[in-house]
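Scroll down for the structure; my scribbles are underneath it.
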Amino acid sequence: MNQYLGIVSASIATFAVTNIDDAFLLTLIFARRTPTRRIVAGQYIGFAAIIGVSLIGVWGALAVPHRWIHFLGLLPLAIGIKRLLLARRTAAEPCVVTESVPSMSLLTLSNGADNISVYVPFFVMGRSKLWLVLIVYTTLVALWCFVGRWLGNHLLILRSVDRWGHWAVPLVFVGLGIYVLNS
């Protein structure tokens, strides 16, 4: 029983540490009134890809070279720059962000370089209980979405995003891209 509790605790800790930045992104995206099912579907698909790459790393003796993972930062950087340019041109007009499931998935995946670097050794250490780790992670993705939605629906956050969101979201994407490229 202690062994299972240890795996669950370590799973919660690794998930929380590697996804704290994702909670902020989710809050901003929910506050922009993107449909919930798109966000949740994108999160699960993107996170499944992160897990898949991590498992390939485990099973293929790190088949994906670490230096390639950094290039995932180009995606949020490009999205952020594009949106900054659009926000600059349309600053006076209200901006409605509509995210597709594929773009949400790619955003989640591109935000996952730090996840992969933590998950590969964690999965190797806990191979015998990997099924439990994956159940915990799957549950925590739902919790992260719930928290992001809850925070994103608070009046103060909604007002702030309505006022500054057309700048904040692209700046977060740019910062995320730079962080991933430099990690």
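Just so we're clear, the structure is a prediction, and the values are computed from it rather than from any experiment. Residue indices begin at 1 and follow the sequence shown.
Cluster annotation: L5 and V133 are assigned to distinct hydrophobic clusters (Ile/Leu/Val/Met/Phe/Trp/Tyr, side-chain heavy-atom contacts under 4.5 Å, transitive). Under a hydrophobic clustering in which Ile, Leu, Val, Met, Phe, Trp and Tyr are joined whenever their side-chain heavy atoms come within less than 4.5 Å, directly or via other members, V101 and L25 fall into different clusters.
Rounding to the nearest 0.5 Å places CD1 of I116 at 10.5 Å from OG1 of T18. Summarising the geometry, atom CH2 belonging to W144 is positioned 10.5 Å from atom OG1 belonging to T27; distances are rounded to the nearest 0.5 Å. How far CE of M104 is from CG of L26: 6.5 Å, rounded to the nearest 0.5 Å.
Residue pairs that meet the side chain to side chain donor-acceptor pair (under 3.5 Å) test with at least one member in residues 1-17, sequence neighbours left out, are T14-Y137.
Heavy-atom minimum distance, I81 versus V174: N-CG2, 3.7 Å. In terms of heavy atoms, N19 sits closest to Y119 at ND2-OH, 3.2 Å.
Ring centers of W150 and F30: at least 6.0 Å apart, outside the cut-off.
Two residues are said to be in side-chain contact when any heavy atoms from C-beta on lie closer than 4.5 Å; L55 and L130 meet this criterion. With contacts defined as side-chain heavy-atom distances shorter than 4.5 Å, the pair F123/L134 qualifies. Residues N115 and F15 form no side-chain contact, since every pair of their non-hydrogen atoms from C-beta on lies 4.5 Å or further apart.
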Distance-only donor-acceptor hits, side chain of residues 39-51, under 3.5 Å, sequence neighbours excluded:
residue	atom	partner	partner atom	Å
Q43	NE2	T108	OG1	2.8
Y44	OH	T138	O	2.8
Y44	OH	A142	N	3.3

